Amino acid sequence: MTAIVPVLLAGGSGTRLWPLSREQYPKQFLRLRGEHSLLQDTALRAQALEQMLPALVLCGEAHRFIVAEQLLEAGIGEATIILEPEARNTAPAAAVAALQVVSQSGTDAVILMMPADQVMANQVRFAHAVQIAVTAASDGRIVTFGIPPTRPETGYGYIRTGSELEPGLWSVDAFVEKPDERAARAFIAAGGHYWNGGMLVFRAGTLIDELQQFEPQTLQAAAESLRIGRRDPDFVRLDAAAFRQTRATSIDYAVMERTRRAALVRLDAGWDDVGSWRVLEALPTDTAGNGTRGDVLLEAAANNLVHAQSRLVVVAGVDDLIVVETADAVLVTQRDRATAIKAVVARLSADHRREVVEHRQVYRPWGSYESIGDGSRFQVKRIIVKPRGKLSLQQHYHRAEHWVVVRGTARVTCGERVFLLHEDQSTYIPLGEKHRLENPGVIALELIEVQSGPYLGEDDIVRFDDAYGRVAT
């Protein structure tokens, strides 16, 4: 049987799911429909198929540790994680993936390329569609998946099909841009039009041949970025200068709209791209049509979707709203006006608001920290260090720090001293002193950090040694 390499595209930003999705923690890492994140669900969905080789994941530099941690947590071993220096759309990503797979597995390997931020309700139907696509790809086709439209959606691209080539496989007549509502209704009425799910199946060598014909500069630049990029035990780091020479365009524009090898498999498996707060419509509803998650109290309210993350949310006397609460931001919008979130995020970005970039709880390779109070010359953080985790050896020019251990054991380096702190013990790190925090134990280390000084920004860190490769060389 044909070997298949799942390629997961995990570089999206997911701005339409703000305030849960942020630049440093976008939607593919969120747990929106259960115990697993969208990335984990995608990886597990692929792993459950037959003849699957270890996955290949493409993501941004800023998200590399989140990706690695979530794959490990889901039991996805031996994945290759490729770091894109910047977002260049799906054509460069597909080129890099095909070249990497050829170097690892040979040109006969078939790639199943999927965005890491989609859901699929029916694994059996998904597996059947993939099986048809893999057979066609083995014969030289580049196969896309068409989602039967269930509504006149104006936010998706469409694919118009031609004749049926063989059972379950159709020719592709055209890729259609996002339509207005009138055109979308006409597509549904006419039949033969499908939502473009953004997933592809192709033999690595086939795509390389097509890129050589249609996008030779992108293929050459992708190959160069791989060749001179850096490899370490955890990541493949593409060369930034070479990768920047690729054309920032989608694989649909670059290849699929021009190739004669395109084909379509119908995918009716409960697909959703989780592109808006419509995702909350999957929540169980009460007799008044309200769907809720978290600590929510409803009174004389109907048809609302409410997501509470960190506190009690009361919704009273209103209908047809979406309410999403996080520790530092609350979104309230009418259900039929949720598309306005994109403009909101643009305004927040223009104002350089921190809330569009990160949550109050910020994840790091060693654990996480959360700001729980601040003033003009102080900041209080709750820090969690994973077992065997350790922060970099560092110093600050503008702040001193006080550490109080709440749970676990800390190994502290302060200047020339190295010592242990246990629960209810504390220490002081003077301004300018080299220091390091480690967790030598087998349970999570939790401590409270009080920073004091004239400047408390995260950029006031000089690293001298780091277990996670964050020291500039």
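All of these numbers come straight from a predicted model, not from anything done at the bench.
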Evaluate the ring planes of [X] and [Y], with Trp represented by its six-membered ring, and classify them as parallel (under 30°), tilted (30 to 60°) or perpendicular (over 60°).
X    : Y    : result
Y25  : F29  : tilted
W195 : W271 : tilted
H435 : H396 : tilted

Heavy atoms of other groups near [X] [atom1], more than 12 under 6.0 Å:
X    : atom1 : value
F419 : CZ    : yes
K386 : NZ    : yes
E78  : CD    : no
F175 : CZ    : yes
Q220 : CD    : no

Lys/Arg-Asp/Glu bridge criterion (N-O < 4.0 Å) met for [X], [Y]:
X    : Y    : result
R407 : E446 : no
E73  : R31  : yes
E215 : R88  : no
D328 : R354 : yes
K27  : D117 : yes
D41  : R33  : no
D232 : R237 : yes

> Of the options Q361, R360, R22, which is the one that meets T326 in a side-chain hydrogen bond (donor to acceptor under 3.5 Å, both in side chains)?
Replying inline: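 Result for side-chain hydrogen bond (donor to acceptor under 3.5 Å, both in side chains) with T326: R22.
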>> E325 and side-chain hydrogen bond (donor to acceptor under 3.5 Å, both in side chains): which single residue from H307, Q309, R311 fits?
In response: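 When side-chain hydrogen bond (donor to acceptor under 3.5 Å, both in side chains) is applied between E325 and each of H307, Q309, R311, only R311 qualifies.
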> Less than 6.0 Å separating the ring centroids of F235 and Y468?
Replying inline: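 No, the ring of F235 stays outside the 6.0 Å limit from the ring of Y468, centre to centre.
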> Roughly how far, to the nearest 0.5 Å, is CZ of R399 from CZ of R377?
Replying inline: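 Rounded to the nearest 0.5 Å, the CZ-CZ separation comes to 13.5 Å.
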> Going from OG1 on T292 to CG on D286, what distance comes out if it is rounded to the nearest 0.5 angstrom?
Replying inline: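 The OG1 atom of T292 sits 7.0 Å away from the CG atom of D286.
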>> Quick check against the 3.5 Å criterion: does Q28 have a side-chain atom that pairs as donor or acceptor with the backbone of A10?
In response: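 A pair under 3.5 Å: yes.
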> Is the side chain of E69 donor-acceptor paired with the backbone N or O of Y363 at a distance under 3.5 Å, no angle test?
Replying inline: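 No; judged by distance alone, with no hydrogens or angles, the pair does not exist.
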>> Checking Y253 against N89: is there a side-chain donor and acceptor pair closer than 3.5 Å?
In response: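 Absent: no donor and acceptor within the cut-off.
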>> For a side chain to side chain contact (heavy atoms under 4.5 Å, CB included) check, start with the C-alpha distance between I251 and L207, then their side-chain angles and the critical distance, and finish with the verdict.
In response: CA-CA 10 Å; I251 192 65; L207 187 72; 4.1 Å; yes
